[in-house]
Amino acid sequence: MHSESDAATENHPEKQPLNFIHQIIEEDNRTGKFGSRVHTRFPPEPNGYLHIGHAKAILLNYGTAVKYNGKFNLRFDDTNPIKEEEEYVQSIIEDVKWLGADYEDRLFYGSDYFEQMYEYAVQLTRKGKAYVCDLSAEEIKATRGTLTEPGQESPYRKRSIAENLDLLERMKAGEFPDGSRTLRAKIDMASPNLNMRDPVMYRILHAPHHRTGNKWCIYPMYDWAHGLEDSIERITHSLCTLEFEDHRPLYDWFLIELDAYRPQQIEFARLNLTYTVMSKRRLLELVKKRYVNGWDDPRMPTISGMRRRGYTPEAIQNFAERIGVAKRDSTVDVALLEFSVREHLNKIAPRFMGVLNPLKIVIDNYPEDREELLEAINNPEDLSAGTRQVPFSRELYIEADDFMEDPPKNFFRLAPGREVRLRYAYFITCTNVIKDSDGNITEVHCSYDPATSGGDSPNGRKVKGTLHWVSARHARTAEVRLYDRLFNVENPGGEHFLEQLNPTSLTIVDKCYLEPALAEQAVPGFRFQFERLGYFCIDPDTTPTKLVLNRTVTLRDTWAKIAQKQQK
RNA sequence: UCGGGGAUCGUCCAAUGGCAGGACUGCGGCCUUUGGAGCCGUCAAUCUUGGUUCGAAUCCAAGUCCCCGAGCCA
């Protein structure tokens, strides 16, 4: 996965600084804390689709394992059957693989360990460190205390070990209704760390589980299960996000009381990105309320959305490396993500010409019945990609933006009397502008210089602009979906985050024109560049009779900036 | 208010007592058959106040601000 960066590192032997996690790991390796073993994992709950924030975590865990010749597990944290679905399991597996994080044969489920977890619970109960509590959810809440006041001990806290064991057994056997009892750890109701105030370990839930079916009617809480899962898999370094820092003492308490193997948890800051939201809750809301067309809508920051939009795994890997990892809350500029895709696509994407907003050009001195095939380079960044033939004829489409009747000073494109180059074709000069009765330009007439075939002038004559074009007679058509940022504000959030949505995040161009060579190799997922416009890919909505394109990202556009400044 | 974390260019990450550096963005230039790419340059930061030290982003003290925590969610 790190081929590019590895090459870069070899060329520039100055050592890269270690992030704080790798510093800890190297220290652990030095002291032999885990016998120099490194084993990480990515533990998603299958209750939603993965997003770019998860990609950071996946790549950090996987990259760490690779860096230290260790292992990496994928493990589903599936302890709540009410929220979890098989559909999410499948999407997560697909996304993790696509990102290049290879877990080999180590795909696990927390639910695989339910039996072992139960035995651990019995062990703790037998030790007098856990008890069955008959308090209702409301009562537990009421006796937990507050941030500044201690909680009160449950009246059931002093039950005998024998009674606890019996009750726990019967909870498991299904004798009690949902919510009637819980198994709680007996720790300290006065702890300033609320997680230590006799946390619930098991709740009764008569609900089928996507893996274990009806076998269980008590399910472990995350705080009870998670540390055990890492322990059972002999994970050395449990990387997780900041909000679990307060839970670490609890995980350690469980494992110490159980005398079980104990991983080192290290917390890092989750990723935030400008102009989007990252919480599963908000993403789900966008999907459910149809503000977007599903989890894989190309405007979503989900892995599946980005894949559909045309992002490459390499682009995301490079992005993840660039943003680094630290403990402070941060919001990465989405421009860095866009830079990462452009950088990769620039190297690998074949070029084509396509016109989004057509303006018809007629070349008056080019014979009506003549057509020719012109050779075009597929990728100037990679000559091994070869060349292709592009048909040329008398009537063409160019981008409407590439013509101005009354151009400002630094407009280099077509204008009355102005000569420009048609990419890989000829120099043309604008001779006439045709308008309809409303004054709209309907057609532009030009003459061409036959001596400039291929786009070079024999007399060294220079031209300022180069335009892309498509022969009208040969043009194929497609629907193009243009995406813009999902939100209008840099840091969307709060109760009314839906009001911050960008109403024009999706623009559909019903009919764009493109050269035949593209239509011939257009299969869903195919990524390419429309010269001067941006990177695009073929959307899976494509049918044999209709091509659908997604714009991944525009090219950097210097003219757009100049034009914007002139407007002000 | 209690506990846990955090504060370095606009943004993200480095510097681990010794010249505050890199990337993105912005700006300027060179180059260009993509106003793309590439190349070069440039603006731009140590939360505050004290202290220790020859020397502090780094160590100490006090303060300020931000984030997380009171699910039978994860």
Side-chain angles (χ1 to χ4, degrees), chain A residues 16-20 23 43-45 47 77-80 82-84 133 135-138 140-141 144-151 178-184 191-197 199-205 218-219 221-223 225-226 241-249 267 269 271 274 280 321-340 342-343 346-347 351 353 376-377 380-381 410-413 421-425 427 452 454-456 463-468 490 529-534 554-562:
Chain A
Q16 282 183 318
L18 295 174
N19 66 48
F20 79 101
Q23 286 177 26
E45 182 190 18
N47 70 341
D77 221 321
D78 54 351
T79 55
N80 186 351
I82 292 168
K83 288 191 174 178
E84 295 150 9
C133 180
L135 255 27
S136 68
E138 297 72 42
I140 287 184
K141 184 183 168 80
R144 184 156 20 232
T146 68
L147 295 178
T148 52
E149 299 158 320
D178 286 6
S180 59
R181 289 179 221 265
T182 57
L183 182 73
R184 291 228 255 167
S191 173
N193 180 348
L194 301 243
N195 297 120
M196 303 299 273
R197 320 243 264 227
V200 171
M201 295 162 61
Y202 276 100
R203 74 287 217 181
I204 301 173
L205 234 42
I218 58 172
Y219 289 95
M221 295 288 292
Y222 174 87
D223 275 345
H226 190 78
T241 43
L242 258 25
E243 69 269 27
F244 294 107
E245 212 147 18
D246 284 345
H247 297 241
R248 178 159 29 94
E267 306 85 8
L271 170 66
T274 55
K280 272 189 190 173
E321 234 163 79
R322 278 190 181 100
I323 61 174
V325 57
K327 292 199 74 156
R328 73 184 85 122
D329 296 310
S330 63
T331 302
V332 174
D333 191 336
V334 72
L336 184 59
L337 217 209
E338 292 177 346
F339 169 82
S340 299
R342 286 194 189 103
E343 178 189 47
N346 175 50
K347 289 184 196 127
R351 272 61 167 173
M353 291 194 284
I377 295 166
E381 300 288 320
N410 32 24
F411 183 80
F412 299 158
R413 286 109 94 137
R421 170 172 34 237
L422 291 179
R423 180 94 157 140
Y424 298 126
F427 284 11
T452 57
D456 269 321
V463 102
K464 289 272 254 202
T466 301
L467 312 188
H468 60 276
E490 231 183 65
Q529 182 194 101
F530 266 153
E531 295 220 15
R532 304 211 299 138
L533 295 179
T554 60
L555 253 28
R556 281 185 65 228
D557 189 346
T558 308
W559 166 242
K561 273 178 197 158
I562 295 169

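Here is how names work: the chains are called A, B, and so on, in the same order as the sequence lines, proteins then strands, and each is numbered from 1. None of these values were measured; they are calculated from a predicted model.
Considering every non-hydrogen atom in both Asp77(A) and His226(A), the closest pair reads OD2-ND1, 2.7 Å.
The side chain of Asn346(A) approaches rA37(B) more closely than any other nucleotide in the set rA37(B), rA14(B), rG35(B). Comparing rU34(B), rG5(B), rA7(B) by their closest approach to the side chain of Glu245(A) singles out rG5(B).
Rounded to a whole Å, the CG atom of Leu467(A) is 8 Å from the P atom of rG35(B). Atom CD1 in Ile377(A) sits roughly 9 Å away from atom P in rU34(B) (whole-Å rounding). When the P atom of rU34(B) is taken as reference, atom CD of Glu531(A) falls 8 Å away, rounded to whole Å. One atom, CG of Leu533(A), and another, C1' of rU34(B), lie 9 Å apart when rounded to the nearest Å. Rounded to an integer number of Å, the gap from Lys347(A) NZ to rG36(B) P is 18 Å.
In this entry the base of rG10(B) is anti relative to its sugar, with a glycosidic angle more than 90° from 0.
Residues Phe411(A) and Trp559(A) bring their aromatic ring centres within 6.0 Å.
Nucleotides rC65(B) and rU1(B) are separated by 9 Å at their P atoms, to the nearest Å. For the P atoms, the distance linking rA14(B) with rG51(B) amounts to 31 Å, nearest Å.
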**Asked** Between Arg197(A) and Ser191(A), is a side chain to side chain donor-acceptor pair (under 3.5 Å) present by the stated rule, with each step listed?
**Response** CA-CA 6 Å; Arg197(A) 320 243 264 227; Ser191(A) 173; 5.9 Å; no

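At least one side-chain nitrogen or oxygen of Thr79(A) sits closer than 4.0 Å to the OP1 or OP2 atom of rA74(B). A sub-4.0 Å separation between OP1 or OP2 of rC13(B) and a side-chain N or O of Ser330(A) is present. Phosphate contact (OP1/OP2 of rA14(B), side-chain N/O of Gln23(A), threshold under 4.0 Å): absent.
Within the model, atoms CE of Met221(A) and OG1 of Thr182(A) stand 9.5 Å from one another, a figure rounded to the nearest 0.5 Å. Taken from CG in Leu336(A) to CD in Glu343(A), the straight-line distance is 9.5 Å, to the nearest 0.5 Å.
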Distances under 3.5 Å only, N/O to N/O: pair up the protein atoms with those of nucleotides 65-72 of chain B.
from    : atom 1 : to        : atom 2 : distance (Å)
rC67(B) : O4'    : Asp329(A) : OD2    : 3.4
rC67(B) : O2'    : Asp329(A) : OD2    : 3.4
rA70(B) : O2'    : Arg144(A) : NE     : 3.1
rG71(B) : OP1    : Lys141(A) : NZ     : 3.3
rG71(B) : OP2    : Arg144(A) : NH2    : 3.1
rC72(B) : OP1    : Arg144(A) : NH2    : 3.2
rC72(B) : OP2    : Arg144(A) : NH1    : 3.2
rC72(B) : N3     : Gly179(A) : O      : 3.4
rC72(B) : N4     : Leu135(A) : O      : 2.7
rC72(B) : N4     : Ala137(A) : N      : 3.2
rC72(B) : N4     : Gly179(A) : O      : 3.0

What does the list of N/O pairs under 3.5 Å between the protein and nucleotides 23-29 of chain B look like, with a distance for each?
from    : atom 1 : to        : atom 2 : distance (Å)
rG26(B) : OP1    : Lys561(A) : NZ     : 2.6

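Of the nucleotides present, none pairs with rU52(B) by Watson-Crick or G-U wobble criteria with both distances under 3.5 Å. rC72(B): no Watson-Crick or G-U partner with both key distances under 3.5 Å is found in any strand.
Remark: the Glu381(A) side chain and the rG36(B) base include a donor-acceptor N/O pair separated by less than 3.5 Å. Side-chain to base pairing of Arg413(A) with rG35(B): one donor and one acceptor N or O lie within less than 3.5 Å of each other.
Looking only at side-chain heavy atoms (C-beta outward), Leu533(A) and Thr554(A) stay at 4.5 Å or farther from each other.
RNA chain B is contacted by both Arg248(A) and Val332(A); Arg248(A) maps to the nucleotide lying nearer its 5′ end (nearest heavy atom per residue).
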